[in-house]
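In what follows, a structure is listed as C-alpha coordinates, so that the remarks can point back to it.
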Protein chains: 2
Amino acid sequence: MGLDVHAIAASRLGAVGQRYTTSRRTVVDTLQEAGRPLTIPEILEDNPSLPQSSAYRTLAVLTQAGVVRRIVAVDEFARFELAEDLSSHHHHLLCTSCGLVADFELPSTLEVELESAFAAAASRHDFERVQHRVDLVGLCTACSVTAGS
Amino acid sequence: MGLDVHAIAASRLGAVGQRYTTSRRTVVDTLQEAGRPLTIPEILEDNPSLPQSSAYRTLAVLTQAGVVRRIVAVDEFARFELAEDLSSHHHHLLCTSCGLVADFELPSTLEVELESAFAAAASRHDFERVQHRVDLVGLCTACSVTAGS
DNA sequence: ATGAGTGCAAAGGCTTTGCATTAGG
DNA sequence: CCTAATGCAAAGCCTTTGCACTCAT
(Lines give C-alpha, C1' and ligand atoms only; values in the text may rest on other atoms or scores of the structure.)
Protein backbone atom coordinates (compact mmCIF):
# COMPACT_ATOMS: atom_id res chain seq x y z
CA MET A 1 0.00 0.00 0.00
CA GLY A 2 1.16 3.53 -0.71
CA LEU A 3 0.62 5.06 2.70
CA ASP A 4 2.98 7.87 3.52
CA VAL A 5 3.81 6.69 6.98
CA HIS A 6 6.04 9.63 7.76
CA ALA A 7 3.45 12.18 6.76
CA ILE A 8 0.83 10.44 8.89
CA ALA A 9 3.24 10.15 11.78
CA ALA A 10 4.07 13.87 11.57
CA SER A 11 0.41 14.72 11.50
CA ARG A 12 -0.49 12.51 14.45
CA LEU A 13 2.38 13.84 16.50
CA GLY A 14 1.32 17.36 15.66
CA ALA A 15 -2.19 16.54 16.84
CA VAL A 16 -0.84 15.85 20.31
CA GLY A 17 1.55 18.78 20.31
CA GLN A 18 4.69 16.82 19.46
CA ARG A 19 7.36 17.35 16.83
CA TYR A 20 8.45 14.77 14.31
CA THR A 21 12.14 14.81 15.05
CA THR A 22 15.02 12.89 13.57
CA SER A 23 15.13 10.19 16.20
CA ARG A 24 11.38 9.67 16.02
CA ARG A 25 11.60 9.33 12.27
CA THR A 26 14.44 6.87 12.70
CA VAL A 27 12.44 4.69 15.06
CA VAL A 28 9.47 4.70 12.70
CA ASP A 29 11.75 3.66 9.85
CA THR A 30 13.22 0.85 11.89
CA LEU A 31 9.80 -0.49 12.84
CA GLN A 32 8.53 -0.27 9.30
CA GLU A 33 11.53 -2.08 7.89
CA ALA A 34 11.36 -4.79 10.51
CA GLY A 35 7.76 -5.71 9.70
CA ARG A 36 7.40 -7.38 13.07
CA PRO A 37 7.25 -6.16 16.67
CA LEU A 38 10.65 -5.16 18.03
CA THR A 39 11.98 -4.86 21.54
CA ILE A 40 13.86 -1.77 22.57
CA PRO A 41 17.17 -3.65 22.63
CA GLU A 42 16.48 -4.69 19.04
CA ILE A 43 15.72 -1.13 18.03
CA LEU A 44 18.91 0.05 19.69
CA GLU A 45 20.88 -2.63 17.92
CA ASP A 46 19.64 -1.29 14.61
CA ASN A 47 20.45 2.26 15.70
CA PRO A 48 23.66 2.20 17.73
CA SER A 49 23.78 5.98 17.98
CA LEU A 50 20.35 6.18 19.57
CA PRO A 51 20.57 6.44 23.36
CA GLN A 52 18.44 4.04 25.34
CA SER A 53 16.51 6.73 27.13
CA SER A 54 15.66 8.39 23.84
CA ALA A 55 14.33 5.12 22.51
CA TYR A 56 12.06 4.72 25.51
CA ARG A 57 10.90 8.32 25.34
CA THR A 58 10.44 8.26 21.60
CA LEU A 59 8.36 5.11 21.74
CA ALA A 60 6.25 6.46 24.56
CA VAL A 61 5.44 9.54 22.50
CA LEU A 62 4.81 7.58 19.31
CA THR A 63 2.52 5.22 21.20
CA GLN A 64 0.60 8.06 22.72
CA ALA A 65 0.22 9.67 19.30
CA GLY A 66 -1.15 6.45 17.84
CA VAL A 67 1.74 5.95 15.45
CA VAL A 68 3.00 2.79 17.07
CA ARG A 69 1.40 0.14 19.23
CA ARG A 70 2.98 -1.34 22.30
CA ILE A 71 2.41 -5.04 22.70
CA VAL A 72 3.03 -7.28 25.65
CA ALA A 73 4.42 -10.65 24.67
CA VAL A 74 5.48 -13.47 26.96
CA ASP A 75 8.83 -12.23 28.18
CA GLU A 76 9.85 -9.16 30.15
CA PHE A 77 10.40 -6.96 27.12
CA ALA A 78 7.82 -4.61 25.74
CA ARG A 79 7.59 -4.72 21.97
CA PHE A 80 6.55 -2.08 19.49
CA GLU A 81 5.14 -2.15 15.99
CA LEU A 82 3.53 0.40 13.68
CA ALA A 83 -0.11 1.06 14.40
CA GLU A 84 -2.41 -1.26 12.48
CA ASP A 85 -3.75 1.48 10.24
CA LEU A 86 -0.18 2.14 9.15
CA SER A 87 0.47 -1.52 8.42
CA SER A 88 -2.34 -4.07 8.40
CA HIS A 89 -4.60 -5.97 10.75
CA HIS A 90 -2.84 -9.07 11.98
CA HIS A 91 -2.19 -11.26 14.97
CA HIS A 92 0.87 -12.55 16.73
CA LEU A 93 2.61 -15.85 17.21
CA LEU A 94 4.56 -15.69 20.46
CA CYS A 95 7.40 -18.04 21.26
CA THR A 96 7.42 -18.90 24.95
CA SER A 97 11.03 -19.95 24.80
CA CYS A 98 12.88 -17.13 23.03
CA GLY A 99 10.18 -14.46 23.06
CA LEU A 100 10.08 -14.13 19.27
CA VAL A 101 6.99 -12.48 17.88
CA ALA A 102 5.84 -13.24 14.34
CA ASP A 103 2.72 -12.03 12.53
CA PHE A 104 -0.15 -13.99 11.05
CA GLU A 105 -3.59 -13.26 9.67
CA LEU A 106 -6.98 -14.89 10.03
CA PRO A 107 -9.57 -15.46 7.29
CA SER A 108 -11.66 -12.32 7.04
CA THR A 109 -14.89 -14.25 7.50
CA LEU A 110 -13.62 -15.42 10.84
CA GLU A 111 -12.54 -11.89 11.73
CA VAL A 112 -16.08 -10.73 11.13
CA GLU A 113 -17.58 -13.41 13.35
CA LEU A 114 -15.05 -12.70 16.04
CA GLU A 115 -15.79 -9.02 15.88
CA SER A 116 -19.46 -9.49 16.59
CA ALA A 117 -18.84 -12.03 19.34
CA PHE A 118 -16.39 -9.62 20.92
CA ALA A 119 -18.80 -6.72 20.65
CA ALA A 120 -21.40 -8.78 22.46
CA ALA A 121 -18.99 -9.81 25.22
CA ALA A 122 -17.74 -6.25 25.67
CA SER A 123 -21.21 -4.82 25.95
CA ARG A 124 -22.21 -7.56 28.37
CA HIS A 125 -19.35 -6.52 30.64
CA ASP A 126 -19.66 -2.76 30.06
CA PHE A 127 -16.28 -2.44 28.46
CA GLU A 128 -15.77 0.40 26.02
CA ARG A 129 -13.46 1.21 23.11
CA VAL A 130 -12.59 -2.41 22.80
CA GLN A 131 -9.92 -3.83 20.54
CA HIS A 132 -9.13 -7.48 20.32
CA ARG A 133 -5.89 -9.25 20.89
CA VAL A 134 -5.77 -12.66 19.32
CA ASP A 135 -2.42 -14.34 19.73
CA LEU A 136 -0.99 -17.82 19.55
CA VAL A 137 1.52 -18.86 22.16
CA GLY A 138 3.88 -21.74 21.47
CA LEU A 139 7.35 -22.65 20.33
CA CYS A 140 8.95 -21.25 17.19
CA THR A 141 10.83 -23.54 14.83
CA ALA A 142 14.23 -22.85 16.30
CA CYS A 143 13.08 -23.40 19.87
CA SER A 144 11.06 -26.51 19.17
CA VAL A 145 14.24 -28.06 17.80
CA THR A 146 16.33 -26.96 20.76
CA ALA A 147 13.90 -27.31 23.62
CA GLY A 148 11.42 -29.76 22.16
CA SER A 149 11.10 -32.64 24.57
CA MET B 1 -18.30 -28.13 39.19
CA GLY B 2 -17.21 -30.52 41.86
CA LEU B 3 -13.50 -30.60 41.16
CA ASP B 4 -11.37 -31.05 44.22
CA VAL B 5 -8.90 -28.34 43.35
CA HIS B 6 -6.72 -28.97 46.38
CA ALA B 7 -6.41 -32.67 45.68
CA ILE B 8 -5.45 -31.97 42.09
CA ALA B 9 -3.02 -29.29 43.14
CA ALA B 10 -1.36 -31.63 45.64
CA SER B 11 -1.08 -34.30 43.00
CA ARG B 12 0.39 -31.99 40.38
CA LEU B 13 2.89 -30.58 42.81
CA GLY B 14 3.87 -34.08 43.81
CA ALA B 15 4.43 -34.91 40.17
CA VAL B 16 7.13 -32.26 39.98
CA GLY B 17 8.62 -33.12 43.37
CA GLN B 18 6.98 -30.33 45.31
CA ARG B 19 4.96 -30.31 48.51
CA TYR B 20 1.53 -28.80 48.95
CA THR B 21 2.28 -26.50 51.83
CA THR B 22 0.13 -24.11 53.77
CA SER B 23 1.11 -21.00 51.85
CA ARG B 24 0.62 -22.75 48.53
CA ARG B 25 -2.81 -23.89 49.62
CA THR B 26 -3.58 -20.35 50.71
CA VAL B 27 -2.64 -18.91 47.34
CA VAL B 28 -4.76 -21.49 45.54
CA ASP B 29 -7.71 -20.63 47.77
CA THR B 30 -7.26 -16.94 47.11
CA LEU B 31 -7.16 -17.45 43.36
CA GLN B 32 -10.18 -19.73 43.41
CA GLU B 33 -12.22 -17.32 45.47
CA ALA B 34 -11.29 -14.38 43.31
CA GLY B 35 -12.53 -16.00 40.11
CA ARG B 36 -10.41 -13.62 38.06
CA PRO B 37 -6.69 -13.16 37.51
CA LEU B 38 -4.94 -11.49 40.42
CA THR B 39 -1.69 -9.57 40.67
CA ILE B 40 0.77 -10.40 43.40
CA PRO B 41 0.00 -7.18 45.26
CA GLU B 42 -3.68 -8.22 45.21
CA ILE B 43 -2.81 -11.65 46.52
CA LEU B 44 -0.72 -10.11 49.27
CA GLU B 45 -3.52 -7.76 50.17
CA ASP B 46 -5.78 -10.76 50.72
CA ASN B 47 -3.08 -12.49 52.75
CA PRO B 48 -1.27 -9.86 54.80
CA SER B 49 0.82 -12.44 56.60
CA LEU B 50 2.23 -13.85 53.37
CA PRO B 51 5.65 -12.38 52.58
CA GLN B 52 6.14 -11.00 49.12
CA SER B 53 8.98 -13.32 48.23
CA SER B 54 6.92 -16.32 49.25
CA ALA B 55 4.13 -15.20 47.00
CA TYR B 56 6.49 -14.92 44.05
CA ARG B 57 8.07 -18.28 44.80
CA THR B 58 4.78 -20.00 45.47
CA LEU B 59 3.31 -18.77 42.22
CA ALA B 60 6.39 -19.80 40.29
CA VAL B 61 6.08 -23.33 41.65
CA LEU B 62 2.34 -23.51 41.11
CA THR B 63 2.77 -22.27 37.56
CA GLN B 64 5.45 -24.82 36.86
CA ALA B 65 3.26 -27.57 38.27
CA GLY B 66 0.37 -26.54 36.01
CA VAL B 67 -1.89 -25.55 38.88
CA VAL B 68 -2.01 -21.89 37.98
CA ARG B 69 -1.46 -19.95 34.81
CA ARG B 70 0.51 -16.76 34.56
CA ILE B 71 -0.99 -14.18 32.25
CA VAL B 72 0.43 -10.97 30.88
CA ALA B 73 -2.09 -8.16 30.77
CA VAL B 74 -1.52 -4.56 29.73
CA ASP B 75 0.32 -3.19 32.73
CA GLU B 76 3.59 -4.11 34.39
CA PHE B 77 2.07 -6.64 36.75
CA ALA B 78 1.99 -10.33 36.09
CA ARG B 79 -1.36 -11.89 36.94
CA PHE B 80 -2.24 -15.40 38.01
CA GLU B 81 -5.33 -17.54 37.78
CA LEU B 82 -6.13 -21.21 38.31
CA ALA B 83 -5.25 -23.40 35.34
CA GLU B 84 -8.11 -23.73 32.89
CA ASP B 85 -8.73 -27.38 33.68
CA LEU B 86 -9.28 -26.34 37.30
CA SER B 87 -11.71 -23.61 36.34
CA SER B 88 -13.03 -23.28 32.79
CA HIS B 89 -11.97 -22.16 29.34
CA HIS B 90 -12.43 -18.43 29.06
CA HIS B 91 -10.91 -15.22 27.78
CA HIS B 92 -9.99 -11.91 29.29
CA LEU B 93 -11.22 -8.37 29.15
CA LEU B 94 -8.30 -6.08 29.92
CA CYS B 95 -8.73 -2.49 31.04
CA THR B 96 -5.99 -0.32 29.58
CA SER B 97 -6.53 2.31 32.20
CA CYS B 98 -6.54 0.49 35.54
CA GLY B 99 -5.26 -2.90 34.42
CA LEU B 100 -8.33 -4.78 35.61
CA VAL B 101 -8.79 -8.22 34.14
CA ALA B 102 -12.25 -9.77 33.86
CA ASP B 103 -13.29 -13.07 32.31
CA PHE B 104 -15.65 -13.78 29.44
CA GLU B 105 -16.55 -16.73 27.24
CA LEU B 106 -17.15 -17.19 23.54
CA PRO B 107 -19.83 -19.32 21.87
CA SER B 108 -18.46 -22.83 21.55
CA THR B 109 -19.11 -22.90 17.81
CA LEU B 110 -16.83 -19.92 17.44
CA GLU B 111 -14.23 -21.57 19.64
CA VAL B 112 -14.20 -24.53 17.30
CA GLU B 113 -13.73 -22.38 14.22
CA LEU B 114 -11.01 -20.42 15.92
CA GLU B 115 -9.25 -23.57 16.92
CA SER B 116 -8.96 -24.81 13.38
CA ALA B 117 -7.93 -21.43 12.02
CA PHE B 118 -5.25 -21.26 14.70
CA ALA B 119 -4.02 -24.74 13.93
CA ALA B 120 -3.64 -23.75 10.30
CA ALA B 121 -1.78 -20.55 11.13
CA ALA B 122 0.52 -22.32 13.55
CA SER B 123 1.41 -25.04 11.11
CA ARG B 124 1.98 -22.46 8.37
CA HIS B 125 4.56 -20.77 10.60
CA ASP B 126 6.04 -23.94 12.08
CA PHE B 127 4.97 -23.13 15.59
CA GLU B 128 4.44 -26.02 17.96
CA ARG B 129 2.48 -26.70 21.15
CA VAL B 130 0.31 -23.74 20.48
CA GLN B 131 -2.25 -22.30 22.84
CA HIS B 132 -4.38 -19.32 22.00
CA ARG B 133 -4.77 -16.07 23.82
CA VAL B 134 -7.92 -14.24 22.86
CA ASP B 135 -8.42 -11.07 24.83
CA LEU B 136 -10.34 -7.84 24.57
CA VAL B 137 -8.56 -4.63 25.45
CA GLY B 138 -10.55 -1.57 26.38
CA LEU B 139 -11.88 0.47 29.25
CA CYS B 140 -13.80 -1.01 32.16
CA THR B 141 -16.93 0.68 33.45
CA ALA B 142 -15.19 2.60 36.19
CA CYS B 143 -12.45 3.89 33.92
CA SER B 144 -14.74 4.81 31.04
CA VAL B 145 -16.61 7.05 33.45
CA THR B 146 -13.44 8.62 34.80
CA ALA B 147 -11.27 8.79 31.71
CA GLY B 148 -13.88 8.62 28.99
CA SER B 149 -13.32 11.55 26.68
C1' DA C 1 16.25 -35.63 61.76
C1' DT C 2 16.92 -33.59 57.34
C1' DG C 3 16.08 -31.56 53.26
C1' DA C 4 12.36 -28.67 51.22
C1' DG C 5 10.11 -24.38 52.09
C1' DT C 6 10.06 -19.84 54.13
C1' DG C 7 11.38 -14.98 55.48
C1' DC C 8 14.09 -11.13 55.33
C1' DA C 9 16.84 -8.18 52.92
C1' DA C 10 19.68 -7.13 49.18
C1' DA C 11 20.50 -7.47 44.31
C1' DG C 12 18.85 -7.68 39.22
C1' DG C 13 16.95 -5.91 35.08
C1' DC C 14 13.70 -3.26 32.37
C1' DT C 15 12.08 1.26 32.40
C1' DT C 16 11.56 6.05 33.93
C1' DT C 17 13.18 10.53 35.30
C1' DG C 18 16.16 14.99 36.69
C1' DC C 19 18.83 18.22 34.79
C1' DA C 20 21.85 20.46 31.70
C1' DT C 21 22.52 20.75 26.65
C1' DT C 22 20.98 20.78 21.89
C1' DA C 23 17.97 21.28 18.15
C1' DG C 24 13.42 22.08 15.92
C1' DG C 25 9.79 25.54 14.18
C1' DC D 1 14.94 32.86 19.69
C1' DC D 2 12.65 29.79 22.96
C1' DT D 3 10.47 25.88 24.02
C1' DA D 4 10.51 21.05 23.16
C1' DA D 5 13.52 17.18 22.70
C1' DT D 6 17.79 14.87 23.78
C1' DG D 7 21.68 12.59 26.45
C1' DC D 8 23.74 11.03 30.37
C1' DA D 9 23.40 9.16 34.68
C1' DA D 10 20.87 8.03 38.63
C1' DA D 11 16.71 6.40 40.57
C1' DG D 12 12.21 3.42 40.44
C1' DC D 13 9.71 -0.61 40.51
C1' DC D 14 8.51 -5.43 39.78
C1' DT D 15 10.78 -9.51 40.44
C1' DT D 16 14.48 -12.70 41.72
C1' DT D 17 17.93 -14.52 44.76
C1' DG D 18 21.32 -15.61 48.93
C1' DC D 19 21.31 -17.32 53.24
C1' DA D 20 19.81 -18.72 57.66
C1' DC D 21 15.74 -20.55 60.01
C1' DT D 22 11.62 -23.51 60.27
C1' DC D 23 8.37 -26.86 59.06
C1' DA D 24 6.82 -31.06 56.72
C1' DT D 25 7.58 -35.96 56.06
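Just so we're clear, the structure is a prediction, and the values are computed from it rather than from any experiment. Proteins come first, then strands; the chains are lettered A, B, ... in the order of their sequence lines, and each starts at number 1.
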Return the 5'-most residue of the pair B:R70, B:Y20 with respect to DNA chain D, ranking by each residue's nearest nucleotide.
-> B:R70
Donor/acceptor link under 3.5 angstrom from B:R57 side chain onto base of D:dG18 =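 Indeed, a donor on one side and an acceptor on the other fall under 3.5 Å apart.
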In whole Å, I'd like the distance from the [atom1] atom of [X] to the [atom2] atom of [N].
X: B:L13; N: D:dT25; atom1: CG; atom2: C1'; answer: 15 Å
X: B:L59; N: D:dT16; atom1: CG; atom2: C1'; answer: 13 Å
X: B:L62; N: C:dT6; atom1: CG; atom2: C1'; answer: 14 Å
X: A:L44; N: C:dT15; atom1: CG; atom2: P; answer: 11 Å
X: B:E76; N: C:dG13; atom1: CD; atom2: P; answer: 18 Å
X: A:L50; N: D:dT6; atom1: CG; atom2: C1'; answer: 10 Å
X: B:R79; N: D:dC14; atom1: CZ; atom2: C1'; answer: 13 Å
X: A:F80; N: C:dC14; atom1: CZ; atom2: P; answer: 14 Å

Do the side-chain N or O atoms of [X] get closer than 4.0 angstrom to the phosphate oxygens (OP1, OP2) of [N]?
X: A:S23; N: D:dT6; result: yes
X: A:Y56; N: C:dT16; result: no
X: A:T21; N: D:dT6; result: yes
X: A:R24; N: C:dG24; result: no
X: A:S53; N: D:dG7; result: no

Does one side chain, of A:D103 or B:H125, offer a donor that lies under 3.5 Å from an acceptor on the other?
-> no
Does the side chain of A:Q32 pick up a donor-acceptor pair with the side chain of A:H6 at under 3.5 Å?
->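 Short answer, no.
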Assign A:A60 to base, sugar-phosphate, or nothing according to its heavy-atom contacts below 4.0 angstrom with the strands shown.
->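 Touches nothing.
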Within the side chain of B:S87, is there an N or O that forms a donor-acceptor pair under 3.5 Å with the backbone of B:A83?
-> yes
Donor-acceptor under 3.5 Å (B:S54 side chain, B:L50 main chain) | no
Nucleotide nearest A:F77 (side chain, heavy atoms from C-beta), chosen from C:dT15, D:dA24, C:dA4 =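 The closest nucleotide is C:dT15.
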Test applied, side-chain hydrogen bond (donor to acceptor under 3.5 Å, both in side chains); reference residue, A:D135; option that passes from B:R133, B:Q131, B:H132 | B:R133
DNA chain C: A:R19 or A:Q52, which has the more 5' nearest nucleotide?
-> A:Q52
